[in-house]
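Encoded as structure tokens, the structure appears first; notes follow it.
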Amino acid sequence: MKTVNRLQKKKQDPGPSRRTVRGVRDVGRLWAGGNAQVKDLLCSIGFLGPSVTGVALFFIAPFLVVVYYSVIRSPLNPEFVGLDNFIAVLKNSSFQTAAKNTAMFSVIAVPLAVVLSLALALLLECRIPCKSLFRTFFLSPMMVPVASVVLIWQVVFHYRGTLNVTLAHFGVDPVDWLNSPYCLLVIVALFLWKNLGYNMILFMAALNNIPKELLEVADVEGASAAHKFFNIKLRYLSPTVLFVAILSIINSFKVFREIFLLTGNYPYTGLYMMQHFMNNVFEQPDYQKMASAAVLLAAVMVALIALLFKAEDIFGKDVEG
């Protein structure tokens, strides 16, 4: 009798493998009969999940930790102090010098990077001799390591470097370029030489996407070159101008690498940037001061990028819409 009961139970219970197969089939039927929008949402979450998790763990979470450090007294004394750390940083003379130099560098370098790269792209549209050599000259810094670029600048702008030797032939006294009021111009030249090539390629691609019909109609109607540039080309280039401007702003805040390799931790006053300030504060270490400076820097960058997006939206909406 017991044997019969066991056999009946085995027939009633299909076993774990069969239960799994039935469960999979049931899920498949539910998925096949489900809402298409819900299925698209679940698929999107499945594909975006790893990327969103990585960004949250390695970017968003660390930034929130920095924000937390900027409003407490210290990691050992997590007392909330509000804006006291920010006020202390804004009153710090080193921070003021670094902020002024960084702002001055960005104000000079970013517009030049946008305007000159656009001018080079327009020039390469024309029929000029040695066009390939011209393009190679501006693209070569992208393939050269930063240390090699810095070495070239040291050879050229050293007190006994190539530039001073050349100027001595014309009776000009030597100048210590990296420890003089001209130091910022030297770094601007380095920044432009290293970044113009990539920006130029972006503008050349954007110029090729401008509808040729509009330019042909403008030629038929006798429009001048200036009219075609400002009323047709520049309007279609507005998204690329925005992208290049944002990219140049980000790169201008990362120029610390080149300056550090040229001059070290404590350069001439005119080259003391925000990254120098945070790097030196990190070595002390003063996490509250460093975190407050980082939050202020992030707020300024977000505000600048928001203004650029607003300007592009106003200027290019009739083209995109």
Side-chain angles (χ1 to χ4, degrees), residues 102-144 149 184-255 258 299-321:
T102 304
M104 187 179 299
F105 176 80
S106 297
V107 167
I108 296 172
V110 172
L112 283 175
V114 176
V115 173
L116 292 178
S117 57
L118 177 56
L120 291 172
L122 292 170
L123 181 62
L124 287 175
E125 270 198 326
C126 306
R127 294 182 178 179
I128 58 173
C130 303
K131 184 185 293 188
S132 59
L133 292 176
F134 187 78
R135 190 187 297 115
T136 303
F137 175 77
F138 286 99
L139 291 177
S140 57
M142 298 174 58
M143 301 176 286
V144 179
V149 175
L184 196 62
L185 298 178
V186 174
I187 301 303
V188 169
L190 173 60
F191 174 82
L192 292 176
W193 186 62
K194 186 156 182 62
N195 292 279
L196 281 183
Y198 183 69
N199 295 345
M200 179 183 69
I201 294 297
L202 294 176
F203 278 123
M204 290 176 65
L207 286 169
N208 288 330
N209 290 327
I210 296 175
K212 304 299 181 185
E213 298 81 6
L214 294 177
L215 299 175
E216 291 173 358
V217 170
D219 289 332
V220 171
E221 293 180 353
S224 63
H227 178 83
K228 288 192 295 183
F229 174 74
F230 287 104
N231 292 283
I232 299 177
K233 290 184 178 181
L234 194 57
R235 287 191 173 273
Y236 277 92
L237 288 174
S238 59
T240 308
V241 171
L242 170 68
F243 179 73
V244 170
I246 293 174
L247 194 65
S248 299
I249 290 173
I250 295 172
N251 289 333
S252 70
F253 281 98
K254 298 193 303 184
V255 77
E258 287 81 1
V300 169
M301 291 188 68
V302 169
L304 285 175
I305 293 173
L307 287 174
L308 289 174
F309 269 104
K310 185 63 178 178
E312 195 276 333
D313 183 60
I314 295 172
F315 187 75
K317 62 181 178 181
D318 55 340
V319 174
E320 296 175 3

Open item on the list: Taking side chain to side chain donor-acceptor pair (under 3.5 Å) as the cut-off, I'd like each qualifying pair that reaches into residues 103-124, sequence neighbours left out, listed once.
Closed with: Ser106-Ser252
I'd like a table of donor-acceptor pairs (distance under 3.5 Å, sequence neighbours excluded) in which one partner is a side-chain atom from residues 209-224, with atom names and distances.
unit_1 : atom_1 : unit_2 : atom_2 : d
Asn209 : ND2    : Ala205 : O      : 3.3
Asp219 : OD1    : Lys228 : NZ     : 2.7
Ser224 : OG     : His227 : N      : 3.2

- [ ] Specify the closest pair of heavy atoms between Leu237 and Ala206, including all atoms of both residues, with the distance to one decimal.
- [x] CD2-CB, 3.3 Å
- [ ] Identify the heavy atoms of Phe203 and Val114 that sit nearest to each other, and give their distance.
- [x]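 For Phe203 and Val114, the tightest heavy-atom pair comes out as CE1-O, 3.7 Å.
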Open item on the list: For the CE atom of Met301 and the CD1 atom of Ile246, what is their distance to the nearest 0.5 Å?
Closed with: 9.5 Å
Task: Rounded distance [0.5 Å steps], CD1 in Ile249 versus CG in Leu308 - done: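 So the gap between those two atoms works out to 4.5 Å.
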Task: side chain to side chain donor-acceptor pair (under 3.5 Å) involving Thr102 - partner list, sequence neighbours excluded - done: none
Table please: side-chain donor-acceptor pairs of residues 185-200 below 3.5 Å, with sequence neighbours left out.
unit_1 : atom_1 : unit_2 : atom_2 : d
Lys194 : NZ     : Pro141 : O      : 3.4
Asn195 : OD1    : Asn251 : ND2    : 3.2
Asn195 : ND2    : Phe191 : O      : 2.7
Asn199 : ND2    : Asn195 : O      : 3.4

Open item on the list: My understanding is that only residues two or more places apart in sequence, or in another chain, count here; which of them pass side chain to side chain contact (heavy atoms under 4.5 Å, CB included) with Leu122?
Closed with: Leu118, Glu125, Leu207, Phe229, Lys233
